[in-house]
Amino acid sequence: MVKSATNFLNLYRKSLSEFFKASPLYATILFVLVPIQSVLPAATIAGSQLLLTSLNNNDSPITPAAVWSVSVIALGIAGPIVTLTQGLLTDRLVAHINLTLMEHSKKLKGIATFETANYYDELEFIRSQSGWRPVNLIVFGLDLLRDTLSVVSYIVLLAQFNFIVILLVLLPIIPQAIFTYKIQQDAFETMVDRSPQSRKMQYYAKTLLANTDAKEVRIFNAFDFFIKKYQHTFTQIHGRLSRVRLKQMRISGAYAIVNGVALVVSLYLVIVGIQRGSYPVASLLTFAVTVVSLSQSLGSLVESSSLLYDTLLFMQKYYKFLSRKDTLDVPGKTISLPKVPFAVAFNHVSFAYPETDKKVLQDITFEIDPGSTVAVVGENGSGKSTLVKLLLRLYEVSSGEIMINGTPINQLNVDAFRHQIRVVFQDYSKFNLSLLESVGIADLQGFTPENVKLALQKASAWDNFSEQKISLQSHLGKQYEDGIEISGGQWQKIAIARAFLNDDQASLAILDEPTAAIDPRSEFEIYQHFAELSKNKTVIFVTHRLSSVTMADKVLFLKSGEIMGFASHQELMRTNSEYAEMYRMQAEGYVKGLDKSENR
Ligand SMILES: Nc1ncnc2c1ncn2[C@@H]1O[C@H](COP(=O)(O)OP(=O)(O)OP(=O)(O)O)[C@@H](O)[C@H]1O
């Protein structure tokens with residue numbers, strides 16, 4: 001209990017320091033004004049009692065009247081200033097928390113955090129709440145400060161009464177507070193637990209409402225299917241949360257009754273005290289007003305601190321994410337390679353994705369000569385994209401070693417190494433930016449309108465865009481009001497253009513199924529430019545179109561994470577029956593297709 005209270009206070013203190021990081025000015029104004037604002041109600045009550053006493057004693061009422069007046073006026077002025085500053089600080093804090101998260105993601109050079117289910121859930125939870133949780137941190141964080149100071153100031157006012165009176169007012173609140181924190185923790189844990197389910201619910205709603213799945217949902221008439229799935233998941237998680245909240249309400253009601261009885265008893269004690277002459281008559285006013293205000297402030301203190309507790313549990317996850325280290329092991333001193341074509345060597349490389357046991361690559365050993373072109377082929381799931389990810393050092397190998405120009409990959413400077421690579425991913429990004437930026441992002445220091453245009457030409461995209469009056473400045477995608485939605489093939493051509501951008505400065509090009517959505521004419525044109533792309537650099541391309549392997553010096557044939565063959569296409573055709581069969585099957589399918597159309 002003491003330990004968790006200490007943790008709570010430490011986390012609160014740490015979280016408050018975020019206010020100052022977000023805006024030192026607004027935070028300072030608030031931390032000066034809120035305490036003053038908090039004690040002002042008690043000051044007005046004290047002023048009232050002094051006023052009554054002075055009138056009763058025929059003394060001058062000027063000083064107590066001044067205390068009362070100044071307190072009331074200051075209270076009126078402080079309110080709007082605090083509200084304004086709180087609003088301004090909230091905006092800053094939301095931006096600060098999100099920017100800190102984004103800055104931290106910069107340090108995570110590996111992608112395990114983003115592709116592993118557990119990490120992903122945690123990240124999604126933080127990301128989905130980072131837009132509004134900081135607001136609660138300010139609101140409840142300041143409420144706690146305000147309520148604490150108000151409670152202290154009311155207790156000071158009550159100090160003139162018997163100790164038992166104070167105890168009667170304060171005691172019932174302690175079990176109530178403990179219980180409320182416990183319930184809040186249960187509610188939070190229920191919410192965190194349900195985060196995978198919440199994601200499911202969001203997914204079902206999005207499938208029906210977003211444009212990405214609109215076609216198939218309608219063709220399959222799958223509306224009720226998704227609505228039922230949503231309702232089912234909602235009922236599951238809502239039931240748990242409702243039970244926690246109902247329990248909270250029942251027990252809070254019971255404590256309210258205990259509290260009420262304690263207040264009545266304390267009023268009785270004060271009346272008896274006044275009748276006996278222990279307290280002045282005017283103190284009844286102080287007691288009546290203070291006890292009600294104190295009771296309200298105590299209730300509010302418990303509520304705000306329990307709600308803050310909920311927010312602090314979020315902050316705990318936020319700090320945990322910030323303390324998350326990169327999944328790559330980056331040495332203190334790293335090596336940058338000269339701008340020459342890369343020689344790539346895999347030495348007995350095996351790999352299992354984090355938190356899984358299955359080796360998706362097993363004992364892979366091969367060498368690629370600098371400046372040569374290698375095609376990687378194999379069935380779905382044979383490990384081709386995984387090999388690419390390891391070569392880009394998005395993951396660390398489980399065992400074995402990858403060497404680039406004779407240097408182990410994990411001794412290279414990650415940023416410099418990646419900057420020497422041009423890459424097209426199978427699941428390429430559709431950056432909702434201008435056309436210029438969508439391509440330029442591949443070389444942020446070196447892109448110009450001219451070289452972006454050249455890259456788009458090599459990707460066989462420029463004429464197509466020009467015909468549709470899409471300029472370099474046009475915004476792509478639906479994120480913008482004036483954004484233009486382009487076709488799947490056009491998005492892919494932009495991804496290819498990124499590989500062509502300033503490609504003469506790269507040492508390695510990696511193309512993972514680069515032309516899957518491209519029309520045959522464009523594909524032919526792009527492949528013609530590939531010859532240019534492969535000049536002065538090593539090229540590795542993953543493909544299912546075996547017709548394109550003839551462009552490669554060698555073919556790496558993978559099956560179930562193992563190398564089945566690594567030789568020229570001609571040699572594999574001669575020596576590897578499985579490869580030859582795969583190639584013939586594709587070629588026959590194509591020829592049969594031709595025969596059919598000719599016989600029509
Ligand atoms: N992030 C991941 N976490 C866990 N397993 C993964 C992950 N990504 C891929 N896998 C698994 O690794 C294996 C190899 O996948 P990979 O994507 O490398 O195959 P591929 O040869 O590129 O397939 P395709 O031809 O379909 O693109 C598959 O069994 C897949 O399920």
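Basis for what follows: all heavy atoms, side chains included, without hydrogens, waters or symmetry-related copies.
Contacts of Lys21 classified as salt bridge (charged side-chain N to carboxylate O under 4.0 Å, His left out), with partners at least two apart in sequence or in another chain: Glu18.
Counting only heavy atoms from C-beta outward, the side chains of Val452 and Leu456 approach each other to under 4.5 Å. Val349 has its side chain out of reach of Leu387: every pair of non-hydrogen atoms, C-beta onward, lies at least 4.5 Å apart. In this structure the side chain of Ile409 never reaches within 4.5 angstrom of the side chain of Val397, judged on heavy atoms. The side-chain heavy atoms of Val388 and Phe541, taken from C-beta on, include no pair separated by under 4.5 Å. Residues Met403 and Asn347 are in side-chain contact: their nearest non-hydrogen atoms beyond the backbone lie under 4.5 Å apart.
Checked by atom type and distance alone, the side chain of Ser434 never pairs as donor or acceptor with a backbone atom of Ser474 at under 3.5 Å. Judged purely by atom type and a 3.5 angstrom limit, His104 uses its side chain to pair as donor or acceptor with the backbone of Arg324. Remark: side-chain polar atoms of Asp553 are paired, donor with acceptor, to backbone N or O of Thr373 under 3.5 angstrom. When atom types are taken as modelled, the side chain of Asp326 and the backbone of Gly110 share a donor-acceptor pair closer than 3.5 angstrom. In this structure, Asp512 contributes its side chain and Ile510 its backbone to no donor-acceptor pair below 3.5 Å.
Ring geometry for Phe417 versus Phe342: interplanar angle under 30°, hence parallel rather than tilted (30 to 60°).
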Cut-off 3.5 Å, no hydrogens considered: what does the side-chain donor-acceptor table look like for residues 557-574, sequence neighbours left out?
{"unit_1": "Lys559", "atom_1": "NZ", "unit_2": "Glu578", "atom_2": "OE2", "d": "2.6"}
{"unit_1": "Ser568", "atom_1": "OG", "unit_2": "Glu571", "atom_2": "N", "d": "3.2"}
{"unit_1": "His569", "atom_1": "ND1", "unit_2": "Tyr579", "atom_2": "OH", "d": "2.8"}

May I have the list of side-chain donor-acceptor pairs in residues 497-506 shorter than 3.5 Å, sequence neighbours left out?
{"unit_1": "Arg498", "atom_1": "NH1", "unit_2": "Ser438", "atom_2": "O", "d": "2.8"}
{"unit_1": "Arg498", "atom_1": "NH2", "unit_2": "Ser429", "atom_2": "O", "d": "2.9"}
{"unit_1": "Asn502", "atom_1": "OD1", "unit_2": "Asn451", "atom_2": "ND2", "d": "3.2"}
{"unit_1": "Asn502", "atom_1": "ND2", "unit_2": "Asp443", "atom_2": "OD2", "d": "2.7"}
{"unit_1": "Asn502", "atom_1": "ND2", "unit_2": "Gly446", "atom_2": "O", "d": "3.2"}
{"unit_1": "Asp503", "atom_1": "OD1", "unit_2": "Lys458", "atom_2": "NZ", "d": "3.3"}
{"unit_1": "Asp503", "atom_1": "OD2", "unit_2": "Lys537", "atom_2": "NZ", "d": "3.1"}

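Under the 6.0 Å distance and 45° angle rule, Lys359 does not count as a cation-pi partner of Phe351.
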*Intermediate values then yes/no, salt bridge (charged side-chain N to carboxylate O under 4.0 Å, His left out), Glu103 and Lys106*: CA-CA 5 Å; Glu103 281 292 328; Lys106 215 161 74 177; 2.9 Å; yes

*How far apart are the C-alpha atoms of Leu322 and Lys107, what are their side-chain angles, what is the distance that settles it, and do they pass the side chain to side chain contact (heavy atoms under 4.5 Å, CB included) test?*
CA-CA 10 Å; Leu322 291 189; Lys107 295 181 193 146; over 6 Å; no

*Intermediate values then yes/no, side chain to side chain contact (heavy atoms under 4.5 Å, CB included), Ile484 and Phe465*: CA-CA 11 Å; Ile484 302 165; Phe465 282 133; over 6 Å; no

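Checking Glu379, His544, Gln426, Glu513 one by one against Lys384, the side-chain contact (heavy atoms from CB on, under 4.5 Å) holds for a single residue, His544.
For Phe234 and Tyr204, the ring centers are positioned 6.0 Å apart or more.
Residues Asn464 and Gln490 bring a donor and an acceptor atom of their side chains to less than 3.5 Å of each other.
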